[in-house]
Amino acid sequence: MKNTPVRLVDDIVTQLRALIAQRDLQPGMRLPAERQLAAELGVSRSSLREAIQKLVGNGLLVSRRGGGTWLQQQLAPWSEQQIVTPIRSLLAADPDYRYDILEARHAIEASTAWHAALRATEADKERLQYCFDATLAFLEHDDPELAAQADVRFHLAIAEASHNLVLLQTMRGFFELMQSSVIHSRRQMVIQPTLFAQLTDQHRALLQAILAGDAEGARQAAMTHLAFVHSTLKIQSENSARQARITRLPGNQTHQQEPES
């Protein structure tokens, strides 16, 4: 099979960079699926792969086998080694550690919201409004990963507006772990539109408190939001476990053998 002409690959690289800028994709976010991306750009998947590999070589993207293509996350070594890698291993062994992530977010984001309300510049406030509007655009989207990215980006924008480099770097260290948590949350809540409405109201209250410079209101809004997510997931997890136990009772098998006639 012949390689794609160099000029065509370079053109696709330019298109990819433009798409990343247009959608305001940030480090740690995932690009659309290969099939969707090739269709959007009007190129073959083989040509797209070559362009992606060029950007991987340049350090802009990272490809994960079976996990898509992501913008390279630039983390401080201590954040990657001491936060992300150990917790990722724990999650792989026991998904219930996602509740520990939520508890950590509860503590960290109460602080970032407080400081953001006190320190956000006009540019920060515009960014926060933009990121909140993006969560509304993806609220009913059929791709939970894109919806999760918008949700996480909103929370990360608050950390950026706090202008506390330690809190920001810690939040960036949690980025992928948070994204996994948010995807799980959305998949659990998608069948209940009223829950989505509550999440939106909570995000709006958090945004408005920061825009108003209300530090205590922002802290309380962040805590209320994450406490709601935590308790809702706990209840849904318990209900799912209860239903699973019921199906294991004698006489409740869904596929019983038909008696012979």
Side-chain angles (χ1 to χ4, degrees), residues 20-30 60 70-84 87 100-139 146-182 185-186 198-230:
I20 290 168
Q22 179 184 5
R23 299 191 180 180
D24 193 33
L25 297 180
Q26 300 295 319
M29 288 187 172
R30 185 188 182 201
L60 178 66
W70 303 69
L71 268 71
Q72 182 71 268
Q73 179 79 299
Q74 301 298 328
L75 296 175
W78 66 265
S79 182
E80 175 68 35
Q81 295 169 10
Q82 303 299 324
I83 297 177
V84 177
I87 297 177
D100 286 33
I101 295 175
L102 285 172
E103 289 178 2
R105 286 182 60 189
H106 197 282
I108 294 169
E109 295 190 50
S111 294
T112 58
W114 169 280
H115 290 297
L118 295 176
R119 299 172 178 170
T121 64
E122 288 305 312
D124 291 329
K125 291 177 180 180
E126 289 180 10
R127 167 72 66 175
L128 286 167
Q129 185 67 61
Y130 174 86
C131 290
F132 172 74
D133 292 343
T135 67
L136 300 182
F138 285 114
L139 191 60
L146 290 179
Q149 286 179 4
D151 193 314
V152 172
R153 187 71 191 93
F154 172 68
H155 287 279
L156 190 56
I158 294 173
E160 293 168 348
S162 76
H163 293 276
N164 182 303
L165 293 180
V166 174
L167 287 174
L168 175 57
Q169 190 60 238
T170 302
M171 284 284 287
R172 284 175 173 165
F174 273 120
F175 194 95
E176 289 184 16
L177 303 173
M178 287 170 57
Q179 183 159 288
S180 174
S181 172
V182 174
S185 303
R186 285 182 174 274
Q198 288 176 274
L199 291 174
T200 299
D201 288 343
Q202 291 161 12
H203 280 164
R204 183 178 290 107
L206 178 53
L207 171 68
Q208 291 175 345
I210 294 173
L211 296 182
D214 181 1
E216 181 57 27
R219 186 179 74 86
Q220 289 293 336
M223 294 174 65
T224 297
H225 168 59
L226 290 168
F228 172 79
V229 172
H230 193 173

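Between the CZ atom in Phe228 and the CD atom in Gln198 there is a gap of 4.0 Å [rounded to 0.5 Å]. How far OG of Ser162 is from CD1 of Ile210: 9.5 Å, rounded to the nearest 0.5 Å.
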Could you walk me through whether Asp151 and Leu199 pass the side chain to side chain contact (heavy atoms under 4.5 Å, CB included) check? CA-CA 10 Å; Asp151 193 314; Leu199 291 174; 5.8 Å; no

Derivation of the side chain to side chain contact (heavy atoms under 4.5 Å, CB included) call for Thr112 and Leu168: CA-CA 8 Å; Thr112 58; Leu168 175 57; over 6 Å; no

Is there a side chain to side chain contact (heavy atoms under 4.5 Å, CB included) between Arg105 and Met171? Walk through the geometry before answering. CA-CA 8 Å; Arg105 286 182 60 189; Met171 284 284 287; 5.8 Å; no

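For Ala113, the side-chain contact (heavy atoms from CB on, under 4.5 Å) partners two or more places apart in sequence, or in a different chain, are Ile158, Leu206, Ala218, Ala222. Take Leu211 and apply the side-chain contact (heavy atoms from CB on, under 4.5 Å) test, not counting sequence neighbours, and it matches Lys125, Gln129, Leu207. Not a single side-chain hydrogen bond (donor to acceptor under 3.5 Å, both in side chains) links Asn164 to another residue, sequence neighbours left out. Not counting sequence neighbours, the partners of Ala215 by the side-chain contact (heavy atoms from CB on, under 4.5 Å) test are Trp114, Ala117, Leu118. The ring-ring contact (aromatic ring centres under 6.0 Å, His included) check on His230 picks up Tyr99, with sequence neighbours excluded. Take Asp201 and apply the salt bridge (charged side-chain N to carboxylate O under 4.0 Å, His left out) test, not counting sequence neighbours, and it matches Arg204. Residues satisfying the salt bridge (charged side-chain N to carboxylate O under 4.0 Å, His left out) test with Glu216, not counting sequence neighbours, are Arg219. Evaluation of the side-chain hydrogen bond (donor to acceptor under 3.5 Å, both in side chains) rule for His106 yields no partner, not counting sequence neighbours.
By the 30° and 60° cut-offs, the orientation of the rings of His203 relative to His155 is perpendicular.
At a threshold of 4.5 Å between non-hydrogen side-chain atoms, the residues Thr121 and His163 count as touching. Taking the side chain as every heavy atom from C-beta outward, Glu160 and Asp124 never approach each other to under 4.5 Å. Side chains of Leu60 and Ile20 form a contact here, defined as non-hydrogen atoms less than 4.5 Å apart. Between Arg153 and Arg127 there is a side-chain heavy-atom pair separated by less than 4.5 Å. Using a 4.5 Å cut-off on side-chain heavy atoms (C-beta onward), Thr200 and Thr135 make no contact.
Panel note: side chain Thr224, backbone Ala221; no donor-acceptor pair is recorded below 3.5 Å.
Here the closest non-hydrogen pair linking Ala161 and Leu128 is CB-CD1, 4.3 Å.
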